Structures are given as C-alpha cells and as structure tokens.
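Here is the naming used below: chain letters follow the sequence lines, and residue numbers restart at 1 for every chain. If you're wondering where the values come from, they're calculated on a predicted model, not measured in any experiment. Every heavy atom of this structure was used, including side-chain atoms; hydrogens, water molecules and symmetry mates were not.
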Amino acid sequence: MFALVDCNNFYASCEKLFRPDLRDRPVVVLSNNDGCVVARSREAKALDIKMGVPVHHIKAEMRRYGIQAFSSNYALYGDLSRRVMTTLETLAPQVDVYSIDEAFLDVTGINRVMSFEAFGGQVRDTVARNVGLPVCVGFAPTRTLAKLANYAAKKYPATGGVVGLTETARQRRLMAKVPVDEVWGVGRKIAGKLQAMGITTALQLADADSATVRERFSVVLERTARELNGIPCIPWEDAPAPKKQILCSRSFGKPVQALAGLEEAVAHFATRATEKLRGGGQYAGELMVFVRTNPFKATAPQYSRSSSVRLVTPTQDSREVVRQALNLLRPMYRSGYDYAKAGVMLGELTDETGLQADLFEASTKDQFSDDRSTRLMSLMDDINRKSRASIRTARQSGPAAYAMRREHLSPAYTTDWKQLPRVT
DNA sequence: TCTGGGGTCCTAGGACCC
DNA sequence: TCTGGGGTCCTAGGACCC
C-alpha cells in the first residue's frame, strides 16, 4: 500500500512560513530571472492566476489585489524540503522522495495498527509541528491511484486533507469524476488524443481495452491504465537509481554578446555540474555545451548550437570539465548575437567501478588514483560548502554579467547565520 | 524591458552483425 | 513469378513529471 504525501503550494507555503503577515494574502513565486509564475498560494489560485504565466502579463492583477511576489529561493525550499522528508522518514519504513515537495511512503500493514485515515492525520500533524508546512495525504494500492487520492484530498477540503482509496468501489466513484488529464502520466498531448477517442474521465481510461491502449499509445499509458485498476506496475526500488545525466543551465539576467561573458557563464555551469557529479560519487564520460539566443524575441537574429565530446577517461575534476567545456564553446561562438541562455550537460555517468583506462596513456594506476586531483576537489567542496563559491576556477569571475534577476528574493532564513529571522 | 530548470522513459528508424 | 531471419546498438525526438 502506498501513501503519497504532497506539500500544499510548496514554494508559496515556504515563503509564508516566515511571513505571518502574509497568512491570508495571495502570494506567487517566480521562476529564475523573475520571469513567470511557478507557484501560487491558495488565495492566488482563487484569483485565477495561472501556472506558468509570464509575470508581465499579470502586472495589473498584482497591483489590484496586492499579490505579493517572491523570487525563487531554492536555498530556503531545499532546506525545508529536507526537513519534511526527514520527518516522513521517522513515520514510515520506506520513503521514496519523488520531488522537492512530495514523497511516496510504504504503509503496508499500518492498517493493522490504525486506519489509514488516522495515520494520514498523524502525518499531517507531525509535519505541521516539526516543519510548519501543510501537506495532503492519499492512500491507495498503486502509485497512480495514490496520486489521485492526493488530488482529491487537495481538491475537496471536506476530506480534511486525507483520502484513502483502498476499495475498488471508492476508486471508481472518484475516477468517474476526475478528468483524464488529471491522471499522473497523462499530459496535454495524450489527453487530447484520448478525448478525441471519447475517453474524458479517469474511469474511462481505466476501463479501456489495454491492448488498444498499448497499440494506439504506448506501454507507458498501458501501465498507467493498469495502475488505475489497482495493479501495481511501478514497484519499490531497492536503492534510488543513479543519475544518468546532470544538467546545469540558466537564462541570463540580461543578454550577453561577448565570448568572454559566455566563457564565464559556461565555466560556472561546468563547475556547478561537476560539483553535483562528485556529490553523487560519479564520473562523467560525456560533456555537452549549448548556447542560444532568446527564441521569444522573434525580431532578433536567432542562433542556437550545441556541441559535445566523449571523454576518453571519465572525470570528476572541475578543472578538466571546465577546460573541455570552453574548448567546445569557442568554435561555436559567433559574434553579433544576443545570447540569452547557456548550459552544460554531463552524460555517460558512471561510478568508480565503471572506469575504463585509456589504452594509450600511462599506467592504469596513475589514471585512477590521481590523489592530487581527488584531494584538491574534496578540499574545494569542503570550503565551498562552508562559504558558497569561495574557491572558483579562474574563468569564473564575479559578479557575473549574466547574473539572474532576483528582485523579490526573501532571506535564506534557515541556511545562513546572517539571515536568521528575528523575533522582536 | 518581459516566457524556468532539471530530469526520466519510450519509440522509431538506421546501421550493422551473422 | 522471385530477394531470410533474427538480433544489437545508437540516436533523435517526443512525451511525461515537478
């Protein structure tokens, strides 16, 4: 049996947590560069502020209703997320963190001690007491149904934020009311195609012939339909799967024209990506760099290129990744464009057991036990953990020309001594 | 002025093997 | 008249998720 625990309006709730004055006020959280709306409080949703809308489209509403906007503050959200997940780990034998604001819990057998509904209430109370954030809980025999139960818990306040979908009859009653595009795994495209076939509710998808679903769509949707029928198709994993790629990219706060500016950005993204790589104990065997202009600016000349390279010996050394990334960037660069975004992607990831020696290089031992590199990188990571970006590669200077716009940033209340909230 | 960032999985089709 | 059968690996692109 699965429980899905999902934080309500997560980013907006995080912002409200340290601003009791905003308790009943509409709040939105913006994407990087303060571009569009990525999270809305209950009050903002009630004002019909849409997810993903560019913030300049809703300037009038923001003024009229006094909507409070925040730049995204990932230091804060990431820390509060960790606190929520840590709390959940004390409540269930197995927790599968699915995203920054939700996790699946293995609750098999808990109903021998108390009802699922009672347990859900306990989860809500514990997270509220330990962290201060509101969550909803859905129970069901499959992940897809647990998602649906959670949807119902959020949508119908009378449920008290907890919904159990353990019986078939109850599952079917709810599915009959839920539009098919609310089902986990059914996006815009598939929903459109299903609707054209006359399938508009979750229940109709559950009842559709599975061979037809597989034939007209794919095995993925077939699994979804089976899960709606209570047949688990996405089991527990023994261990979280290792990452297959690591991407670090950012839109620029303002356009960058010069190669030097792009080099700075790419060096920075390469460094960040390699930090993440080391964090997971992995090595990269492939490196990709891309740059592009702003595709939304139709009048301006457009340019978009990417370039990649295989690394003969997989690496986790920032210096090597930066050097290779800059080598990819320079031949791609053309002058005369307003560059709006760049990124670095690491692929062909492997742990140390997957390392393969370069046949034409010195001894294998030298290639893999480069003690100097390992020690230097771990020293860099230690120092940078204590004080963000104290040590950089020379190509990253700062403050950068491409820096993000973050005009409505709240303090890092929980992760920086200098920004602790004050109570007066 | 102005539109995010970071991922996963599946499929189709081509190249190649014996 | 007419041209096998069975497979792997790789890539690009599409769909989805939060």
Side-chain angles (χ1 to χ4, degrees), chain A residues 4-11 28-40 50-60 62 69-74 77-78 81 96-104 143-144 147 150-151 180-194 213-224 233-234 237 240-255 269 272-273 276-277 280 286 288 290 292-300 306 308 310 338 340-349 402 404-408:
Chain A
L4 177 64
V5 181
D6 192 317
C7 300
N8 303 352
N9 316 318
F10 181 58
Y11 296 170
V28 295
V29 177
L30 309 178
S31 63
N32 286 343
N33 290 314
D34 295 341
C36 48
V37 172
V38 295
R40 305 151 294 157
K50 296 271 191 269
M51 181 72 176
V53 67
V55 69
H56 65 269
H57 286 179
I58 56 162
K59 277 279 183 282
M62 295 197 27
F70 287 95
S71 304
S72 31
N73 182 348
Y74 285 96
Y77 314 149
S81 170
D96 187 355
V97 176
Y98 177 66
S99 75
I100 195 167
D101 73 333
E102 62 189 306
F104 290 101
R143 291 176 194 249
T144 306
K147 282 286 249 185
N150 196 291
Y151 164 84
V180 72
D181 61 328
E182 295 290 350
V183 174
W184 187 42
V186 176
R188 250 208 351 261
K189 289 280 172 119
I190 290 176
K193 211 168 145 186
L194 284 169
V213 170
R214 183 172 196 151
E215 202 178 305
R216 304 273 280 271
F217 297 88
S218 70
V219 65
V220 184
L221 192 66
E222 186 194 2
R223 277 204 286 259
T224 297
C233 300
I234 315 166
E237 304 287 343
K243 273 203 196 337
K244 297 187 170 174
Q245 52 178 233
I246 291 174
L247 176 70
C248 185
S249 78
R250 209 78 55 190
S251 299
F252 304 145
K254 52 187 176 209
F269 301 150
R272 286 287 298 125
K276 291 189 212 171
L277 187 70
E286 192 197 17
M288 193 269 270
F290 72 88
R292 67 161 171 74
T293 51
N294 181 356
F296 296 104
K297 215 166 168 182
T299 51
S306 75
S308 64
R310 289 275 169 129
D338 280 347
K341 184 174 183 172
V344 171
M345 194 169 87
L346 304 178
E348 296 288 309
L349 305 189
Y402 59 88
M404 270 196 271
R405 275 194 306 272
R406 297 214 283 187
E407 287 168 17
H408 311 285

Handout entry: Whole-Å gap separating C1' (C/dC18) and CZ (A/Arg143)
Key = 15 Å

Problem - Shortest side-chain distance from A/Ser249, nucleotide among C/dC18, B/dC2, B/dG5 - result: B/dG5

Practice task
Just call it for A/Lys297: base, sugar-phosphate, or nothing, with non-hydrogen atoms closer than 4.0 Å on any strand.
Solution key: sugar-phosphate

Exercise for the section: Could you tell me whether A/Gln245 contacts a base, only the sugar-phosphate backbone, or nothing, with contacts defined as non-hydrogen atoms closer than 4.0 Å? Expected result: base

Handout entry: Length of the CH2-P vector between A/Trp184 and C/dA15, whole Å
Key = 20 Å

Practice task
For A/Asn33, report the nucleic acid contact type (base, sugar-phosphate, nothing); a contact means any heavy atom under 4.0 Å.
Solution key: nothing

Fill in the blank from the handout: Picking from C/dC18, C/dA15, B/dT11, the nucleotide nearest the side-chain atoms of A/Ile190 would be C/dA15

Problem - A/Ile234 CD1 - B/dT8 P separation (whole Å) - result: 16 Å

Exercise for the section: Find the distance A/Met288:CE to C/dT11:C1' and express it as a whole number of Å. Expected result: 13 Å

Handout entry: Side-chain donor or acceptor of A/Lys50 paired with backbone N/O of A/Val37 under 3.5 Å
Key = no

Problem - Ring-face cation contact, A/Phe104 with A/Arg143, 6.0 Å cut, 45° max - result: yes

Handout entry: Separation of atom OH in A/Tyr77 from atom P in B/dG6, rounded to whole Å
Key = 16 Å

Problem - A/Ser71 (side chain) donor-acceptor with A/Asp34 (main chain) under 3.5 angstrom - result: no

Handout entry: Whole-Å distance separating the CZ atom of A/Phe290 from the C1' atom of B/dG5
Key = 9 Å

Practice task
Have a look at A/Arg223 and say if it touches a base, only the backbone sugar-phosphate, or nothing, with a 4.0 Å heavy-atom cut-off.
Solution key: sugar-phosphate

Practice task
May I ask you to say what A/Ile246 touches in the nucleic acid, namely base, sugar-phosphate or nothing, with a heavy-atom cut-off under 4.0 Å?
Solution key: sugar-phosphate

Handout entry: For atom CG of A/Leu346 and atom C1' of B/dG6, their distance in whole Å
Key = 13 Å

